[in-house]
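First comes the structure, then the notes that go with it.
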Amino acid sequence: MLTTIGDISARVGENVRLGVWLYNKRSSGKIQFLQLRDGTGFIQGVLVKKNVTPEVWESASGLTQESSLYVEGRVRADERSPSGYELDVTSIEVIQLAEEYPISLKEHGVEFLMDHRHLWIRSPRQHAILRIRGEITKAIQNWLDEQNFTLVDPPVLTPSSCEGTTNLFHTKYFDEDAYLTQSGQLYMEAAAMALGRVYSFGPTFRAEKSKTRRHLIEFWMIEPEMAFVDHEESLRIQENMLSHVVQHVLEHCQAELKTLNRDISYLQNVKAPFPRITYDEAVDLLNREGMEFTWGEDFGAPHETKIAESFDRPVFITHYPADIKAFYMKPDPKRPEVVLCADLIAPEGYGEIIGGSQRIDDPNLLEERFQQHQLSQEAYGWYMDLRKYGTVPHSGFGLGLERTVSWICGLDHVRETIPFPRMLNRLYP
RNA sequence: UCCUCAGUAGCUCAAUGGUAGAGCGCCCGGCUGUUAACCGGUAGGUUGCAGGUUCGAGUCCUGCCUGAGGAGCCA
């Protein structure tokens, strides 16, 4: 019966058996310190030569980095340990003596680490990030489930573009052309008309030659879509969901945030409501701050960073010009040149983490948009049907998981937020 | 696609156009509280590839390859 390191605090004074890997070892002539990890945490095993059998001492002496083993010993609370606990090792059963491990404890370059991503994820920092990613996913799904959303899975293989803008990954579907999805949104609109409040959680693909710290070729999105919900209510749902996620991580991932040296004072402010400014106000703000920007352009990364600097929590930018947004967004009835949409910009220069809008519900207007954007009736007929058979006001948004993880963890690149990143020059491992 | 920078030992990096080096890791030895432990020793090289200039190129020139950061696009 194995104990896990994560549960060790409840086993002080007891003899336990752990299945572990050797992360590091320090030794002197008569005492050895084994840094052990089992996926749930890290603990130091201690062997004093005069207190263990010669066999145990010898097998410890021969251990190499990342060797796999079962250890038995007594759990002891110790103030000298960063985790507060140590294990006095009494027995070692080597499963495998590992070959020389490529990743030493000294510094490494990005290329080397990415080539060894399958091993790199064992290190404390990567371990902490992936644990936080898991908790973020859990918090989002728990919150949406509590709000009576239904999880719906849109297709990954699609016949055409959802938005018609970005480059898609092309593949064959027997004799037809097919593409990997870049967004499940249009399908989620159909699902919302069937189930009311729905969300998808899955991978999306963009064949863009983007090469920055905020871009992946394959990334994960959460896309809620809600019938009978207008733009304003959608914003309230977004800010409440994200507040819940951040507070959940602060509560459940203290050790991981500490491993990452994350300054959590930036995160403690992240509580609804979030500030809202219109696109017009954002343009004024940029001009006041000395950045040249003309109405009608889209914001670039430096603009988003500058806007975010004026706020202590994520900020919504609303009412963008219709011309720079997707065809399905509903125009503001009071001002048809702008649409009922919002991008949520994270603090500290992390950029856009949510994009959302109220959707066009009027069949005639949608028809008009199809013609303007030269979208074929053949490909989008089913989407048009949603407006013919009981159309209702509805809204939705998409949250980029990796950018959210990157921001909450305080990372400088999204490549560390996903186990095996797919990037412009990276398909291996 | 464009702009900028970089490729030297397993890793991280040095080396005026003149004998290719250090730290870490591996291996051997030492050390009873180490925190990327420390101390001593051994081994380890087609300087990204192909040309060119030169008495002589890791170093200068040209082309290519690979990677990094950024732009555009986006989440």
Side-chain angles (χ1 to χ4, degrees), chain A residues 23-35 42-52 57 61-62 64-66 76 78-83 86 88 98-116 119-120 123-125 162-168 182-185 202-223 297-305 324-326 343-346 350-356 397-407 412-415 417-418 423-426:
Chain A
Y23 169 64
N24 192 20
K25 184 180 72 170
R26 303 184 195 90
S27 66
S28 66
K30 298 194 175 69
I31 187 166
Q32 298 190 62
F33 302 99
L34 310 180
Q35 311 304 320
F42 293 76
I43 192 169
Q44 174 162 274
V46 183
L47 289 90
V48 175
K49 192 171 187 177
K50 67 177 185 192
N51 295 341
V52 297
W57 181 260
S61 301
T64 54
Q65 192 183 354
E66 290 302 317
R76 175 168 46 72
D78 195 312
E79 286 181 0
R80 291 170 293 191
S81 162
S83 72
E86 287 189 337
D88 286 322
E99 292 179 32
E100 184 178 345
Y101 191 63
I103 303 179
S104 69
L105 282 76
K106 291 281 179 176
E107 48 195 272
H108 296 284
V110 171
E111 187 182 6
F112 176 82
L113 288 170
M114 290 306 307
D115 283 342
H116 295 86
L119 303 175
W120 187 23
S123 70
R125 177 183 163 82
C162 280
E163 304 186 7
T165 52
T166 51
N167 296 316
L168 306 181
Q182 63 157 352
S183 166
Q185 184 203 311
T204 55
F205 308 88
R206 307 272 166 98
E208 294 284 346
K209 304 242 170 180
S210 300
K211 196 168 155 15
T212 80
R213 64 183 66 193
R214 299 179 307 281
H215 288 89
L216 294 169
I217 302 299
E218 174 183 312
F219 63 97
W220 287 64
M221 278 207 292
I222 292 91
E223 295 184 280
E297 294 175 343
D298 205 355
F299 301 121
H303 305 117
E304 290 180 348
T305 302
I324 57 171
K325 285 294 181 184
D343 285 355
L344 184 67
I345 311 297
Y350 283 94
E352 181 184 349
I353 54 174
I354 294 181
F397 61 93
L399 177 142
L401 179 62
E402 285 77 16
R403 284 190 185 173
T404 303
V405 175
S406 187
W407 161 54
D412 58 16
H413 203 298
V414 290
R415 66 183 158 223
T417 64
I418 187 166
M423 295 182 296
L424 191 53
N425 297 309
R426 172 73 55 188

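Only a predicted model underlies this, so the values are computations on that prediction, with no experimental measurement involved. Below, chains carry the letters A, B, ... as their sequence lines are ordered, and counting in each starts from 1.
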If I pick the [atom1] atom on [M] and the same atom on [N], what distance separates them, to the nearest angstrom?
N: B/G58; M: B/A50; atom1: P; value: 13 Å
N: B/A22; M: B/A43; atom1: C1'; value: 16 Å
N: B/C39; M: B/G51; atom1: P; value: 45 Å
N: B/U54; M: B/C61; atom1: C1'; value: 12 Å
N: B/A6; M: B/C74; atom1: C1'; value: 28 Å

Side chains of A/Ser83 and A/Ser81: is there a donor and an acceptor less than 3.5 Å apart? yes

Is the closest side-chain donor-acceptor distance between A/Glu223 and A/Ser183 under 3.5 Å? yes

Indicate, yes or no, whether a donor-acceptor pair under 3.5 Å links the base of [N] to the side chain of [X].
X: A/Gln32; N: B/G33; result: no
X: A/Arg403; N: B/C74; result: yes
X: A/Ser104; N: B/C11; result: no

Of all the nucleotides listed ([options]), which has the minimum atom distance to the side chain of [X]?
X: A/Glu100; options: B/G33, B/G25, B/G72; value: B/G25
X: A/Val48; options: B/C24, B/U32, B/U34; value: B/U32
X: A/Val110; options: B/U32, B/A75, B/A68; value: B/A68
X: A/Met221; options: B/C74, B/A68, B/A75; value: B/A75
X: A/Thr212; options: B/A75, B/G33, B/A71; value: B/A71
X: A/Leu105; options: B/A36, B/C73, B/U34; value: B/A36

Compare all side-chain heavy atoms of A/Lys30 with those of A/Val48 and state whether any distance is below 4.5 angstrom. no

Under the criteria of a ring-centre distance below 5.5 Å and an interplanar angle below 30°, is A/Phe219 stacked with the base of B/A75? yes

Starting from the C-alpha separation in whole Å, work towards a yes-or-no answer on side-chain contact (heavy atoms from CB on, under 4.5 Å) for A/Glu99 and A/Gln65. CA-CA 8 Å; A/Glu99 292 179 32; A/Gln65 192 183 354; over 6 Å; no

Could you check whether A/Leu216 gets within reach of a base, just the sugar-phosphate, or nothing at all, counting any heavy atom under 4.0 Å? base

Given that A/Phe112 and A/Ser27 both sit by RNA chain B, which one's nearest nucleotide is further toward the 5' end? A/Phe112

Map A/Ile324 and A/Lys50 onto RNA chain B by nearest heavy atom, then report which one ends up closer to the 5' terminus. A/Lys50

Side-chain N or O of A/His413 versus OP1/OP2 of B/G69: is the shortest distance under 4.0 Å? yes

It should be established whether A/Arg26 places a side-chain nitrogen or oxygen under 4.0 Å from OP1 or OP2 of nucleotide B/U32. no

Between A/Ala301 and A/Arg214, which heavy-atom pair has the shortest distance, and what is it? CB-NH2, 3.4 Å

Gap between atoms CD and P, on A/Glu111 and B/A6 respectively (whole Å): 16 Å

